[in-house]
Each structure stands twice: as C-alpha cells, then as structure tokens.
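Indexing begins at 1, ligand by ligand and atom by atom, following the structure's order.
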Amino acid sequence: MEFDTVIHGGTVVTASETYKGDIGISAGRIAAVAERLAGGARRIDAGGRLVMPGGIEAHAHVAQESAAGIMTADDYLSGSVSAAFGGNSSFIPFAAQHRGQSIDDVIATYDARAAQSVIDYSYHLIVSDPTEEVLSTGLPRAFERGITSLKVFTTYDLLNIGDAGMLDILGVARDHGALTMVHAENHAMVAWMNRELAARGMTAPKYHAISRPELAEEEAINRAITLAQLAGAPLFVVHVSTEGGAARVQRARAEGAPIFAETCPQYLALTRADLDRPGMEGAKYICSPPVRDTATQDALWRHIQSGTFDSVSSDHAPYRYDETGKLMHGPGAPYPRIANGMPGIAARLPWLFSEGVVKGRLRPETFVALTATNAARIFGVANKGRIAPGMDADIAIWNPETVRRVTLADQHDNMDFTPFDGMELTGVPEIVMTRGAVIVEHGHLHGTAGQGRFIPRDRVDLTGRPGAPVKETALMRAEETR
Ligand code: DUC
Ligand code: ZN
Ligand code: ZN
C-alpha cells in the first residue's frame, strides 16, 4: 500500500497502551499501524518522540460575546492557531444563545465565525432562554445537525435558567440523545456574598475568590446531578474546582449514573494568592469558579488519578488585560465587573504533560484519555481521539524531553498575558496534524485559515453507564404503559 505520509520510529501512545510502531496515512486517515512501514511520499522521523492523538479541546470560548457583551480576544483563526500550537487537532468551543435569540440564528452566527478555523471544530450550544420554540424545534434541529451537546448555567443574571428550565432542557436532551453540560454555582449564595463584600468595601480582585465559595459549587453540583437523575438524563459537569464537588461527581458515578466531569489546569496550577497580586494584576486570574488553594489542587489530582474526571480542558476564555477585556469598566473596576475567564488553550496539554506525565502523577495513556479519547467518546466525535486504522490522522508528535519556559509569544493567541507565564515545562508538541495535514511543525504554522471542517457529532453513547430511573419516574412510566 502506498501512503501519503508515514510517521516512523516513534513511540505510539493511546488511551490504553504504549508501543513502538509506524503509522501510515492516506487521504487524511490512518491507513495502517504496524511495527514497520515502508514507503510514504513523506516520511516523518519520530525517533525519540511520542506519537499521540492530537488533543481535542472540549471547553473553549472563541469568538463569543459574554452575556454582558464582551467579545473574546480570540476568533476562530487565532483560537484555532493557538490550539494547534498547543498540540490540539480539533476543538469544540461554545455557540452562545443570548436571550430572545433563536437556535438557528445562533448556529448561523457561529458557522460564519468558525469558517476561518485551521482545525476541525464543532460547537456546544449555550442555552440561556429555553422557550417553548427552543425546546420543541430549535434544539432538536441542532441535534439533527450533529450539535449534540449544550451547556446551561445555574448562575449569572443573564444566563441562569433556574431548576425548572434545567429540568426542561434535561428532558429534551434525554429524548434526543444529547448531552447537557452545566456550569454549577449557587446563584443566590454568590449574590449574597457579593453584597456582603461590597458592604465592607471589599471589591479588589482578590475578593473574587471568596465571593464564590466552595459551598456554592458543591451545592449546585449536587443539585444539577439530582435534577439529571430525576430527569433520567446524562450530565457533564464542567470546570469542577472543589474537592466537595468532585466527591459528589464521584459518588454519582459509583452509583452508576451517567455523570461526566472535567477539571482544568488553572485549578491545579493556581491559587487565590494569584488573585492577590499587586495593583489590579489579580484581575488576570479572575475566572469562575475561582481558583482555590493547594489542598484543593492535591484533592483534584487525586480525583483525576482515581477516575472522577473524564477530561482536563482549558476553559480558554480570553479577555485581555486592557479596556477591551478585563478592564472594560475602568482600571480600578470592582471584581464583579471584571470579565470572567483566562486563556489557556495552548498551555493545557504542555502543562498537563509536564505536571502530570513528567512528574509521575499520570500515566501517558491517562494523559491521552484525558485530553482526547474520552472527549471524543463522550461528545460523539466518531473519527477522532484514537490512533487506529480508519480514524482521522489527527496526530501530535511530542518531544517529551524539551524543557522551556512558558511565554506569551508561545501561546500564539490574541492575548496580552498568559496566567502560566514563566512556568518551566518539560515536553513540547513539535508536529501537529489535522486529517493528515501538518498544521504546526517545530514552531511554524503551516495550517491555513478555513482548513478546518465542521464535525457533525453522534448522539451521546451511554453504553456501559445507562443509569437507572428514580423510583417515582419508573412508577409513572409503568402506570403509563399499563
Ligand atoms: N464559565 C466558563 O465556562 N468560562 C468562563 C466563565 C464562566 O463562567
Ligand atoms: Zn462556566
Ligand atoms: Zn468556559
């Protein structure tokens, strides 16, 4: 068989094993994996390198206006370029509905924005206005198009859909085989803390950390999981930042419920001390839920190691440290008026590889599972996230020994800071491919705008974790079918 490309001499790492082998690529797909492969119009020497599935970034905000109207600094070109330099071959940013907007309109808006992507992409919807039309027509049509996941919020004035709205959405998603994601923080608890802090004049960035207590996340994760169990629906809990929240996820999974979850590097790398940097510097570290403390970091690592989390995502939410982003409401804005979120799409994989694999906290196979394979399975990306014949040739070739310090320039995004600045990391994705095309090679971009394609995704597959109906809904259904 003749191949377009052969990657030879490398160590292939999948979610289940590590072995020496060659990979033959034809027409954008992996055509063969074998001990030794001859031929190839192009032969890439991967000696001393790890050959892994390209990352799938399943949580990023790109070309997205916040509910308050602040546009992210990255569009689909800079966002996808940054993702690629960070070892990703595809991503799934959010397509956000603003109140009053139809789902068709949301998707048309993001289709136009995503047309410049260098890597393959899909979207998770954000639903803030679950009207009858949205529930009965808009969402089913989106699911039909292969946009099979959506995120809801339990907090923020303009996003919080309340328990009733969440149950409605969970029910529709369940009926259509879609997956509901949740940002879980108790809205009233946060609002109350904001008022208590304001009354004391405590409005500097460092107070953001205590304005969103661990209890607020724990309560909302518990509630979201409970609502999902009543609705008989699967749920994906995003950006878990607390030990208590992770423990609630762990318990639900031990009970067999189809509950999935992620955490993010910032909750493992940063603490509330970062929010207390001099002047307004702390604004750079404002994200929600907030970064916590070193005890929480240790607990989150244990949960990663014991299988509570399916993935580690960046939650890339790029707001610059200037008047277009963080400081839109002035150089001394109180913390509730500072844009929520930090960049990290290029740093996610190098940070996790270095702190996880290199430091012995993670097996390389677990790294692959957490950064590509699990996201593909959970979010219905059929042809990506694995190295096997027939899969898209979405591959990242890593030098596991290169040591470098994180710089802003290395992020290749539109930001003016990186929260990971100066950290010393070991391991670099040297070559990144999307469907067999080399898009990044030794620090140079070869990918072009518009090269990425929309990924129509499958419905959620609950094989192996079907869950069980709660007593009362089981009785209701039994009565109904009698
Ligand atoms: N939630 C996110 O997922 N990202 C940025 C801000 C937020 O509240
Ligand atoms: Zn969120
Ligand atoms: Zn996010």
Checking ring-ring contact (aromatic ring centres under 6.0 Å, His included) for the pair Phe379/His124: CA distance, chi angles, key distance, verdict?
-> CA-CA 9 Å; Phe379 294 113; His124 311 289; 4.8 Å; yes
Which ligand 1 atoms are under 4.0 Å away from a heavy-atom of Ser288?
-> 1 (N), 7 (C), 8 (O)
Mark up the atoms of ligand 1 that fall under 4.0 Å of a heavy atom belonging to Tyr156, in ascending order.
-> 7 (C), 8 (O)
Any chance you could lay out the ring-ring contact (aromatic ring centres under 6.0 Å, His included) test for Tyr156 and His183, step after step, and finish with the verdict?
-> CA-CA 10 Å; Tyr156 298 127; His183 171 131; 5.5 Å; yes
Of all the heavy-atom pairs spanning Val381 and Arg457, show the shortest one and how long it is.
-> CG2-CD, 3.7 Å
Aromatic centroids of Phe417 and Tyr285 separated by under 6.0 Å | no
What angle, in degrees and rounded to 10°, do you get at the Zn ion (ligand 2) when you join it to ND1 of His183 and to NZ of Lys151?
-> 130°
Nearest protein heavy atom with distance in Å, relative to atom 6 (C) of ligand 1 = Asn340 O, 3.7 Å
Identity and distance of the protein heavy atom lying nearest atom 1 (N) of ligand 1 = His183 ND1, 3.2 Å
Is the cationic atom of Arg145 (NZ for Lys, CZ for Arg) positioned less than 6.0 Å from the six-membered ring centroid of Phe454 and within 45 degrees of its normal?
-> yes
4.0 Å heavy-atom contact, Val238 with ligand 1 | no
NE2 (His59) to the Zn ion (ligand 3) to OD1 (Asp315) angle, given to the nearest 10 degrees = 90°
Backbone or side chain, does His61 get an N/O/S atom under 2.8 Å to the Zn ion (ligand 3)?
-> yes
Is the closest side-chain donor-acceptor distance between Thr418 and Asp421 under 3.5 Å?
-> no
Looking only at N/O atoms, are Lys151 and ligand 1 under 3.5 Å apart anywhere?
-> yes
Side chain to side chain contact (heavy atoms under 4.5 Å, CB included) between Gln97 and Leu125, worked out = CA-CA 7 Å; Gln97 179 206 26; Leu125 289 165; over 6 Å; no
